[in-house]
Structure formats: C-alpha cells, structure tokens
Amino acid sequence: MACLVATLAAMPLSAQVSPVRRAKAQADILVTTSDPADLRAAYLLQDFFHLISGATLDVLRPEQILRKPSKGDILIGNGLSNAAFVTDKITEDGFRLSTEDGFLRIVSGGDKGSIYGVVTLLERYLGVRYWGENEYSLTPSDEITLPKMDFVENPAFRYRQSQFYGMKNDPVYKMWMRLEEPFEVFAATYWVHTFDKLLPASRYGKEHPEYYSYFGGKRHPGKASQWCLSNPEVLEIVTERVDSIFKAHPECDMIAVSQNDGNYTQCQCPECSAVDKYEEAYSGSVVRFVNKLAERFPEKRFATLAYLYTMKPPKHVKPRENVTIMLCDIDCKREVPLTENASGRQFVEALEGWSAITNNIFVWDYGINFDNMVAPFPNFHILGDNIRLFHKNHVTMHFSQIASSRGGDFAELRTWLVSHLMWNPEQSTDDLMHEFLDGYYGEAAPYLYQYIKMMEGALLSSDVPLWIYDSPVSHKHGMLRSRLMKRYSALFDQAEKAVEADSTLLARVQRTRLPLMFAELEIARTEQEKDFEDLTRKLNRFEEQTARFGVATLNERGNTPQDYCRLYRERYMPRKEQSLALGARITFLEEPTQQRYRDIAATALTDGLFGGQTYQDSWVGWEGIDAGFVVDLGEVKEIHSVETDFLHQIGAWILAPLGVSYEFSKDGENFTRPVHYDLQEERANQVLFKGVKHTLREPAQVRYIRIRVTGTKTCPQWHYGVGHPCWFFIDEVTVL
C-alpha cells in the first residue's frame, strides 16, 4: 500500500503524553542512537515545541543520557527501549509513532524516518503547516498534549525529489516536504548525464576518438557525445573511475552511469548496432554495459537513463538487481494524464515494458516550462493520476522537476501537491489544493481556486497541447484568449482586495500573479494593434514586481526579467523610424525547412512584429543548410541600412549564423557586389537576439535586397546534438 497505517492493537495504550504544561517543559527529548537523522529530528521537534509554547525541552544525546527515561519523555531512534518497537513493517524513510506507558516513541525504518515522524506528529496533532520558504503557520499554546497513538507510516516511493527554489535557503522546508536531493544518495553527485564526467572528451577525445559514438561515417568525440559501449577499453577506464569515486565517498553506495544530454547521438558502429538490433532498442547497449559494470561492484547500486532514444526497454537483456532505470517522460504533453494522449501512451508503453523486467525504476517527470518558467502552466489536474501510475508500475524513486524558479506558476502550491502525493498517492489532489490555498492565501483562496479551475477547463476545451517548451503565445486563442484573460485579471483583483489588509497574504497573491502578467505581455507583443500607454504601465509593473520578489530568471537559460523588460522596450515598443520593408514581398532562394515555417514565411519577415525568446511564434527556420531570399520593397526607395534579426537558443539546437551577406538592386537582375559579414561562433547558454546590420556609406536607390545566410549547419562537438543538423531562425528584416 502507498501509505501503511497499522494500528497495533495487541499493545496496551496508556494515557496521553503532555511534554509541556503552562509553558514549562515536563520532559526531555532523548536521542537514543548516533544517527545524525535522529539528532536533526530531535532539534526540529525542540524548535517547534518552543515556537508553539515558549518552552524549551532539553535534547540529550546518547552519551548524555545518564538516567532511565521518565514518564513523558520523548525517545527518538531505535536504541534503548525503543528497539522493542522496531518492526519489519517499517520501510526506508518510514516511521512508527507510539505513546506507550507514558512515553512518546519515534522509531525509524531507516534514513530520515525519524525526521518524517516528527513532521507528521507536528502536522497531525499540533496543526503545524509548512507552506514555502520560511513560511509556516502554527497555533500558539502553553499546553502541548499528545493523544494515544500507535501507528506505522511508510512512503510510497523510497526516494522523492523535487526542485523547489526555496530549498537552497531553508533546509527545514526540504525536511518538511519529505524531499531528498541527489547529493544525499549519489556518490559525488554523479546522478545524471555522467558520461563526459566519467570519460571526458577533453582528455580522451583527441587520442582515442574510438571511445566515442560513430555515426555519419566518422567518430564524434565531444562534451555531449555518447560512448562506444562495445569498446572494452571504455569499460576498463570507467571501472577504475567508478572505483575511485566510491572510495572517495564511502557514505554513498549509488552512482549514475548515464548518457549525455542530446538525442540520436548513440554509437552506430557495427558492434553497437548489432546489439541494439538484437535487443530491438537502443537501450540494449546501455543496459548491457551498465550490467557489466554493476557485476564488478555487487554491493553498490548503479543508475542509468532511459531517456529520449533509450526510452524503449530492450527485448532480451534485463537490468541486474543493483541497476536502476531512470525513465524520463520529457517528450510527453501535459494537458491530460499520460494515459490519455499519444505522447503519453508511448511513455506508458515504455514504463510498462521496463516494469516487466525490473522493480528498480526511477521516474523523472516534468511539470515545468523550461522556456517560460514564469508563465501559466495549468497541469494540477494530472498530478495525482500520473504519480499513481508510476507507483503502480514498480517505480521506487521519483523526481518531479517543478518550481525551480522563484515566481514560477504557483510554485509553492505545486511543490506542496507533488510532495504530498509522492508520500501517499491515494490522497485527493483537490483536497490538498484546498488545504494549501486556504492556509497560504487566506480569504483570497476562493478566487485563486476559481482561477485555477477556469484555466484548466479552458485548456482542456481548447485542444491545444501543454508542453515543457511552451509559450503563452501558443495559447492566445485558447486558454489565454482575450475574454478569459480579462476574467483571470478580475479574479486576481478580487483576491488582492480580499487580503489587502494583510501585507503578507497580499504579497503572496501579487507574487502568484506574475505568470499572468507575463502572459499578458507576451501576447500583447504579437498583436498588430496595441495600447502602448497601457502596455508601458504593465511592463513597468512587471519589472517592479519581479525585482521586488527576487525573480532571478525567466527560463532555464538564465535570461533575467531585467533583460526581458529592456529588450521588450527595444524590440516591441514603437520605434523612431518605421521600416521601409513593412509588408514587402519575399522570394525564397532556399525555402524554409518545414511547412509550418513556409506557411508564415511570406509575411513573418516583414510584418513589423519581432519574435520572442521561443521559436514558436513569428520565427522562420532552416535546418542543416544555408539559405537566401530576396526582399522586394515594391518600388525603388532611398535606403540607409538593412538589418536581419536572428535567434540563438542552443537548447532547441538553434545556433546563430556564421555569416550574412547583403546585395542591392533597382531592377532585380543587376545586384551590387555582396557585402559579407563573418560572425564568430556563439556558444552562450542564454537565449539571444542577434542583429546583423549593414549601414550603407551613402544613401542608395534600392528596390530589391538579396540576403544570404551561412548557417552552422551541423551541431559542433560542444553541443548536445553533436554531429546532427542544427537550425538558424530569422524573424524580421528591417530597412531604414
């Protein structure tokens, strides 16, 4: 069962325990083992008893316990008389709470069980709630009395990870949400994309390219390259490296040996291909390699990714008992549970396939918009169904990647929900949501609940997918259409009005409004007709509020709100001069790569609307080729300059071009000699807009401008897509 609550009726239950009376301590907290988790549990209990009552109970470590426990004492750990209360019904991170013979006993099933026992005690019997970073609520009382109890509680998943931004500055929050981090489990924090850390191409690539993937007729050593898993030397080098890591970190017994980020970069040499063909999956080579490694370290545990090209399980080989499969649903849409759309069903098929051959599955689930972290992301309705699906299919470790950015869409609520559901998936998501909204937002809660449910319904009725590289612009005719945006804004106005007398609650509501404000700005920049005075007010307000609430980034690439607002004023607000190319006709020498870009290309490059930080609106793309096109101004005009606007977004395999040239003509037949600009390779992680501008020495009479672009064409060795075609994207051509 997801959460075992066992009443141990055979044991006699005595009177309730009263550790605090009239704000005076009546008991001590006895830590009965040397386990650091037991000591942290004791101090956590001490702190909150003090916050509630003003009384401070003494914490006695094992070496300080010089007497027998007295009635009313609290015994934490599995030593002394608590050992008799240990039962095989308690699993890792589980606990037993019991008031037996006037004592409160907190017995652990291992790891952090005693800490989670304290958290449950404070929540269930004393009404303490922890909401966010250093945000909690409790009811003061000079009396603390605990009723009769004796029960065991175990988590559904033995490892539960999330990414809430507040954990960096508030360790209590992480404990309270019963969350863990990779450094606590994986040796040297080798937990994902570890190939290059274990066998760095910077060290081996030049002299031993045979260690790395073969495809396209050659080897591809690089920071993001995969290994040639059939090469026996690779196994020996990695074995030595893993051995040294475990020796340096004896406190950890697990390590990840997993592919680098990037898709379809696996080795296709004859030996690796033969394995994958036999296994009918690219994961075949990976599992065989990690099995060999795990066989050499039978007392250790290994994890490896089933990610992108390795998601499908192999047909014949099975992971060893000490191998964990880290299965990722990165390509799935999020508007409905995983069982209800095509992308999700493909993942479910893989999940069921892996669960048929192993009980050690780590699911990496994504509830985040990487391209627009501070944007609406209404997926609350799918969380419970998906987590129950994972638990049903032998998943023992779960990472819900959400809420990593301050200011993200309901970041606190989102983490509250997934942390509670990872502990016990059978809980009602709606009940949990109401509990959080009421406790965290007070009188504003009904309006925010209505906002969440209204947007959820609008998303489902729109038939527009929700995914992890989404843009508000994708939903401007769906869940974010104008009529609904007005209603959403009105609900937030009502929420703010309801708590205006409480500065803390008001600030929470205003911070939660940031994604809606961002969506308004993003949609407004794509509209031909704008109220620039109103837009200026909204932009200024967004800039002020993101600074006030310490919002550091708007996407996974580290673009800041300050940069966003600056660029918004430069790109989307009125310019001193209007482009002479507005509405100009475009003739392509090489057509854009996909039909969706060809469909918009005729107008998108000269409509006066500049694209945003995601390639999904207004941008026109070419993949793996150079390109050229002619801009027809419609008549001969006097021009002074021409500029072409490019997007650089390496996460989407979009790289700035390597060169741009301009030629000019009156008649469309006789062009001037090309003016060429060579550009340096751009490796920045941030999303960038790169304008390539040519200013004529003297004004010229021009009707036609021929523009040629030299693309990078193939992802370089340092990129995730090493050896595969990359894109360049153009939005606007500006002629002055």
Side-chain angles (χ1 to χ4, degrees), residues 190-206 208-231 233-235 237-238 256-277 279-290 293 303-314 325-331 346 350 364 366 370 468-469 556 593 623-625 649-655 681 683 685 711-728:
Y190 278 49
W191 80 285
V192 69
H193 301 317
T194 61
F195 272 13
D196 196 59
K197 294 173 71 175
L198 292 165
L199 192 76
S202 59
R203 177 178 174 184
Y204 295 100
K206 186 175 181 179
H208 294 283
E210 70 274 13
Y211 292 171
Y212 301 93
S213 289
Y214 176 90
F215 58 85
K218 63 179 182 178
R219 296 284 177 177
H220 292 273
K223 185 176 181 180
S225 179
Q226 313 304 345
W227 295 343
C228 179
L229 295 166
S230 60
N231 189 316
E233 292 182 30
V234 172
L235 178 62
I237 295 171
V238 173
V257 179
S258 59
Q259 68 203 58
N260 291 322
D261 207 353
N263 203 10
Y264 301 116
T265 53
Q266 75 279 2
C267 185
Q268 298 174 31
C269 75
E271 291 80 5
C272 289
S273 294
V275 172
D276 292 337
K277 182 178 180 181
E279 295 290 353
E280 298 182 15
Y282 294 123
S283 59
S285 294
V286 176
V287 173
R288 287 193 182 195
F289 181 91
V290 177
L293 198 58
T304 195
L305 282 169
Y307 171 70
L308 296 175
Y309 67 87
T310 56
M311 184 178 75
K312 182 181 176 182
I325 300 300
M326 300 176 70
L327 179 60
C328 308
D329 58 10
I330 189 168
D331 278 343
Q346 186 178 13
W364 185 329
Y366 303 77
F370 288 114
I468 63 174
Y469 295 102
E556 69 168 334
T593 295
E623 182 188 31
I625 58 173
Q649 188 184 10
I650 65 171
W653 297 22
I654 302 168
L655 276 66
E681 181 184 63
R683 298 191 181 190
N685 266 326
T712 304
K713 291 187 279 298
T714 301
C715 294
Q717 289 185 339
W718 54 265
H719 190 268
Y720 315 115
V722 55
H724 288 273
C726 61
W727 294 78
F728 72 82

Inspect the surroundings of [atom1] in [X] and state if more than 12 heavy atoms from other residues, nucleotides or ligands are less than 6.0 Å away.
X      : atom1 : result
Tyr282 : OH    : no
Lys223 : NZ    : no
Gln268 : CD    : yes

Main-chain N/O of [Y] paired with [X] side-chain donor or acceptor, under 3.5 Å:
X      : Y      : result
Lys218 : Gly723 : no
Thr304 : Val257 : yes
Thr593 : Glu623 : yes
His220 : Ser225 : no
Thr194 : Ser258 : yes

*Arg683: partners by salt bridge (charged side-chain N to carboxylate O under 4.0 Å, His left out), with sequence neighbours left out*: Glu681
May I ask you to test the [X]-[Y] pair for a side-chain heavy-atom distance under 4.5 Å?
X      : Y      : result
Arg219 : Cys269 : yes
Leu305 : His193 : yes
Pro716 : Leu655 : yes

*Between Trp191 and Met326, is a side-chain contact (heavy atoms from CB on, under 4.5 Å) present by the stated rule, with each step listed?*
CA-CA 10 Å; Trp191 80 285; Met326 300 176 70; 3.9 Å; yes
How far does [atom1] of [X] sit from [atom2] of [Y], to the nearest 0.5 angstrom?
X      : Y      : atom1 : atom2 : value
Ser213 : Leu229 : OG    : CG    : 7.5 Å
Thr265 : Leu308 : OG1   : CG    : 9.0 Å
Met311 : Ile325 : CE    : CD1   : 13.5 Å
Phe289 : Gln259 : CZ    : CD    : 13.0 Å
Tyr204 : Tyr212 : OH    : OH    : 7.5 Å
Glu556 : Ile468 : CD    : CD1   : 8.5 Å

Over all heavy atoms of both residues, which pair between [X] and [Y] is shortest? Give the atoms and the distance, please.
X      : Y      : result
Glu210 : Cys228 : O-CB, 3.5 Å
Leu198 : Ala256 : CD1-O, 4.2 Å
Ala201 : Pro221 : CB-C, 4.4 Å
Phe728 : Gly711 : CD2-CA, 4.0 Å
Cys328 : Tyr366 : CB-OH, 3.7 Å
Asn260 : Gln226 : N-OE1, 2.9 Å

*Between Ser285 and Gln266, does any side-chain donor sit less than 3.5 Å from a side-chain acceptor?*
no
*Mind running side-chain contact (heavy atoms from CB on, under 4.5 Å) on His719 and Trp653 for me, showing each step along the way?*
CA-CA 8 Å; His719 190 268; Trp653 297 22; 3.2 Å; yes
*Near-ring test Tyr307/Trp364, centroid separation under 6.0 angstrom*: no
